[in-house]
**Student:** 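What follows is a single structure, and I will ask about it in a moment.
Numbering of residues begins at 1 and proceeds along the displayed sequence.
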Amino acid sequence: MGHILLWAERTIKVSFYVLFFITPFIFNPGNSELFELPKMYFIYFCTIIILTAWLTRSVLTETFIFKRTFLDIPLLLFFGSQLIAAYFSIDQHTSIFGYYSRINGGLLSLTSYLLLYWAYVSNMEIRNTLYAIRCLLISASLIAGWGILEHFGISPSCYLLKEELNANCWVQDVQARVFATLGQPNWMAAYLVAVLPLSLITSEKLKVTSFKTVSLSQLITCYLLPVTLLLATLFTKSRSGLLGLGAAIAVYIFFLLPQKLVFRLSYLLVILISAIFFWHYNFADCFDLNPNQLTTSGGTESCKIRTIVWKGALDIWRNNPVFGTGPETFAYSYYNYRPIEHNNTSEWELLYNKAHNEYLNYAANTGTFGVVSYVVLIVFSVLTILQVKNKNSKIKSASQKSKFANFSIFNCNFEFCILNFSLLAGYASILVTNFFGFSTATVSLLFFLFPAMAVSLTATENSVQKMAYRKQLTLKSGILLAFILFAVSYTLFATYRYWHADTLYNKADKYGKKGLYQEAAKEMKNALFIRSNEPLYYNELAELVSFLAISQRELGQTSASLNLAKLAIDSSAVAVQISPYNINFLKNQSLVFARLSLIDPAYINQAIPPLEEAVRLAPTEPKIHYNLGVLYERKGEKHKAEALFKKALDLKPDYQDPKEAIQELQIK
């Protein structure tokens, strides 16, 4: 059994290396969302492999290998808050699986991150963490190089997607703001600035090394790597990324300052003044929500839109103060508290599935319990990273000790101090970028595993348990291993099927946009056969089949048309039943009935209730009021229609459609 145990140990370590190296690169045009969704499925896959190997080690040693850490209770408290919030959620399906196009943030993703944390601290040694950091740095440097090439009009992504060595495959101007394989400039910047402090480790080590002993490759690595990451970050033109970078550098320098109080206080004062100055000249205008200044020829300033969304998030929190509306339900609850100022922006028609502030996102989705437990987790994570005392590590030379005796606030090996300070600086950048945005799959991975790395670095040499194992496999161990094998096979297969279902959904969507409704409906049914509890699939099937019902009616196939109409109605009803607060599902249900009214005019009456429910859930959304008015007009109830058109105008005075509709009613 020794070779099995050795295999399990190596599998855990290699899987973590792969997780750090590969995850940022993953994107797949075959999925409905190009970047985040396939990354999250890859994280699930790695989690299952790591968990399997971890349990295998425990079975073979007949001892559950688990290392208790300072973060255990905060992590369990945070998970408990999410679990309770999910129980009271307005959409439990979304709270468990996550918002479909993201999936990062639901209970499943959180469970994955927690398992990865405990697997890391229980199985990874100091040398393994050093290898993991190298993998992370190599990956980040390649991502940064990818982004720099994009800035100069050469996108490797375009070559992989269309075999064109240019940047023309993207709708976005990728040369103006690069995003490489991360999907969005702010997401790329958040990832790079979190890793950048770790790239400074080599330069700090060179300071305590004789210059004659340093090779040319070391010098290039030392200075080229940080410059590459910094340059790529600048090319993202992400303000949140630059703020995160500033926070990382500020934290890094703070821990390298002499211990004298006057130095520390003076430094903190300079940082505070700089932060106030930067905020005043870059963000003070963001809180001016004057309607005349919200919309400009270039579109509404993004920080003003964030201010409006934050205002809505706070209103959700005030009205759901204890447990919120449920993890990942912001896309549904925001409509109910959407500030009227949102209608004056250039993005008034867009759906916001995040609060664009991780803290307010938790406050809205999981209430006071959730956001407080999240802050507690952050505080304890910082304290965990700061625990850099290493009794087994000694300063290698008296020259190092004398040179840096005043630069470390802890009694530890210089190399390990720098590693921990770098991890803390990177962690601080995540806290800042999350304040102006939301965590993605790659950043969430670092959020939970940076503290795990710190635990590994500060551990004693014997902290990773090395247990004796039996030469002969006992019956009990054999049964447990068989169960683990069955469980891992099932979960891996289920993960693959969920991923495959999304590729079928993506095919159906592409067929539907081309008007190939028969082919699209076939793919959508295949997706539902694999994942029969996904409301989005039922919603899409309803729309596709409603088009088929109309086409069959035009061909004179009355019976087939009625059967398809029933399928469309039933599918839409299932989607709304699973996600009753999803405004898009309600709007689509109304649209399906309105479309089917071409078959039977009586369906127009059934198109009205879903939109009335949508109006109740989204009282400040002008387009829903207008569309409901159109239905009442078709029904012949002109007074109700006119009242709804006027309400839409009250909500958005420059909305042309209701203006024209009122004029037509007055002419009639």
Side-chain angles (χ1 to χ4, degrees), residues 70-71 74-75 77-78 81-82 104-105 109-110 113-114 117 136 140 182 184-198 200 229 233 236 238-255 267-268 271-272 274-276 278-279 282-283 303 306 309-310 313 354-366 370-388 419-455:
F70 189 58
L71 266 183
L75 285 170
L77 180 67
F78 178 59
S81 71
Q82 305 303 297
N104 177 55
S109 66
L110 177 58
Y113 294 131
L114 295 185
Y117 170 83
L136 187 59
L182 277 298
Q184 209 260 14
N186 291 330
W187 302 350
M188 179 177 176
Y191 168 70
L192 292 180
V193 298
V195 178
L196 196 147
L198 291 169
L200 302 176
L229 296 179
T233 301
T236 64
S238 168
R239 285 184 294 182
S240 62
L242 292 176
L243 284 171
L245 177 62
I249 294 173
V251 170
Y252 192 86
I253 293 175
F254 177 81
F255 287 104
Y267 179 74
L268 290 176
I271 293 297
L272 179 61
S274 301
I276 293 173
F278 186 86
W279 181 275
N282 289 275
F283 296 102
C303 72
R306 274 178 169 76
V309 177
W310 292 357
K354 299 278 189 179
H356 287 268
N357 180 305
E358 193 78 345
Y359 309 92
L360 291 180
N361 205 61
Y362 277 114
N365 290 341
T366 60
V371 73
V372 168
S373 65
Y374 181 64
V375 172
V376 168
L377 174 61
I378 290 172
V379 172
F380 275 75
S381 295
V382 170
L383 293 175
T384 297
I385 297 174
L386 283 174
Q387 292 179 356
V388 297
L419 277 171
N420 278 270
F421 299 157
S422 300
L423 288 171
L424 183 61
Y427 191 83
S429 77
I430 293 174
L431 302 183
V432 172
T433 53
N434 277 354
F435 184 86
F436 295 96
F438 52 88
S439 59
T440 58
T442 49
V443 172
S444 292
L445 197 63
L446 300 182
F447 177 85
F448 286 96
L449 291 188
F450 270 5
M453 286 181 169
V455 171

**Student:** Start with the C-alpha distance between Leu424 and Val382, add both sets of side-chain angles, then the distance that settles side chain to side chain contact (heavy atoms under 4.5 Å, CB included), and finish with yes or no.
**Tutor:** CA-CA 7 Å; Leu424 183 61; Val382 170; 3.8 Å; yes
**Student:** Looking only at heavy atoms, what is the nearest atom pair of Leu229 and Ala140, with distance?
**Tutor:**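 Here Leu229 and Ala140 meet closest at CD2-O, 3.5 Å.
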**Student:** What pairs with Glu358 under side-chain hydrogen bond (donor to acceptor under 3.5 Å, both in side chains), at least two apart in sequence or on another chain?
**Tutor:** Ser439
**Student:** Which atom names give the shortest non-hydrogen contact between Phe436 and Arg306, and what distance separates them?
**Tutor:** O-NE, 2.8 Å
**Student:** Mind checking what makes side chain to side chain contact (heavy atoms under 4.5 Å, CB included) contact with Ala248, not counting sequence neighbours?
**Tutor:** Pro197, Ala425, Ser429
**Student:** Would you find a donor on one side and an acceptor on the other, under 3.5 Å apart, between the side chain of Asn186 and the backbone of Ser238?
**Tutor:**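 Checked: no pair found.
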**Student:** Tell me, with the steps shown, if Thr442 and Leu446 meet side chain to side chain contact (heavy atoms under 4.5 Å, CB included).
**Tutor:** CA-CA 7 Å; Thr442 49; Leu446 300 182; 5.9 Å; no
**Student:** Taking only residues two or more places apart in sequence or in another chain, which ones pass ring-ring contact (aromatic ring centres under 6.0 Å, His included) with Tyr362?
**Tutor:** Phe78, Tyr374
**Student:** Within this structure, what is the CG-CG distance for the pair Leu75 and Leu114, rounded to the nearest 0.5 Å?
**Tutor:** 5.5 Å
**Student:** Return yes if some donor-acceptor pair links the side-chain N/O of Thr433 with the main-chain N/O of Ile430 below 3.5 Å, else return no.
**Tutor:**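 Side chain of Thr433 to backbone of Ile430: a pair is present.
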**Student:** Can you tell me how far apart CG (Leu377) and CG (Leu71) are? Round to the nearest 0.5 Å.
**Tutor:**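 If we round to the nearest 0.5 Å, Leu377:CG and Leu71:CG are 6.0 Å apart.
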**Student:** Rounded at 0.5 Å granularity, tell me how far CG in Leu198 sits from CG in Leu419.
**Tutor:**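 Those atoms lie 7.5 Å apart.
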**Student:** Roughly how far apart are His356 NE2 and Ser240 OG, rounded to 0.5 Å?
**Tutor:**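 Taking NE2 in His356 and OG in Ser240, the distance rounds to 11.0 Å.
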**Student:** Evaluate the criterion side chain to side chain contact (heavy atoms under 4.5 Å, CB included) for residue pair Leu431 and Ile378; output intermediate values, then yes/no.
**Tutor:** CA-CA 9 Å; Leu431 302 183; Ile378 290 172; 3.7 Å; yes
**Student:** So, for Ala454 and Ile385, which heavy atoms are closest and what is the spacing to 0.1 Å?
**Tutor:**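 Closest approach of Ala454 to Ile385, heavy atoms only: CB-CA, 3.6 Å.
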**Student:** Identify the heavy atoms of Thr366 and Gln82 that sit nearest to each other, and give their distance.
**Tutor:**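 Heavy atoms of Thr366 and Gln82 come nearest at CG2-OE1, 3.2 Å.
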**Student:** Could you tell me which residues satisfy ring-ring contact (aromatic ring centres under 6.0 Å, His included) with Tyr427, sequence neighbours excluded, listed by chain and number?
**Tutor:**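 Once residues adjacent in sequence are excluded, the partners of Tyr427 under the ring-ring contact (aromatic ring centres under 6.0 Å, His included) criterion are Phe447.
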**Student:** Using side chain to side chain contact (heavy atoms under 4.5 Å, CB included), reason through Val443 and Trp187 one step at a time and then give a plain yes or no.
**Tutor:** CA-CA 8 Å; Val443 172; Trp187 302 350; over 6 Å; no
**Student:** Rounded to the nearest 0.5 Å, how far does CZ of Phe438 lie from OG of Ser444?
**Tutor:**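 Separation between the atoms: 10.5 Å.
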**Student:** My understanding is that only residues two or more places apart in sequence, or in another chain, count here; which of them pass side-chain hydrogen bond (donor to acceptor under 3.5 Å, both in side chains) with Thr236?
**Tutor:**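 For Thr236 there are no side-chain hydrogen bond (donor to acceptor under 3.5 Å, both in side chains) partners, ignoring immediate neighbours.
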**Student:** Side chains of Leu110 and Phe448: closer than 4.5 Å at any heavy-atom pair?
**Tutor:** yes
**Student:** Please report the shortest heavy-atom distance between Ala313 and Leu360, naming the atom on each side.
**Tutor:**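 For Ala313 versus Leu360, the nearest heavy atoms are CB-CB, 4.1 Å.
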**Student:** I'd like to check the ring-ring contact (aromatic ring centres under 6.0 Å, His included) partners of Phe70; sequence neighbours left out, ordered by chain and number.
**Tutor:** Phe380
**Student:** Taking all non-hydrogen atoms of both residues into account, name the closest pair between Leu196 and Leu245 and its distance.
**Tutor:** CD1-CD1, 4.1 Å
**Student:** Could you tell me if the ring centre of Trp310 sits under 6.0 Å from that of Tyr359?
**Tutor:**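 Here the rings of Tyr359 and Trp310 have centres that are no less than 6.0 Å from each other.
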**Student:** Say you draw a straight line from OG of Ser373 to CG of Leu77; how long is it, rounded to the nearest 0.5 Å?
**Tutor:**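 If I round to the nearest 0.5 Å, the distance is 5.0 Å.
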**Student:** May I ask you to test the Tyr191-Thr440 pair for a side-chain heavy-atom distance under 4.5 Å?
**Tutor:** no
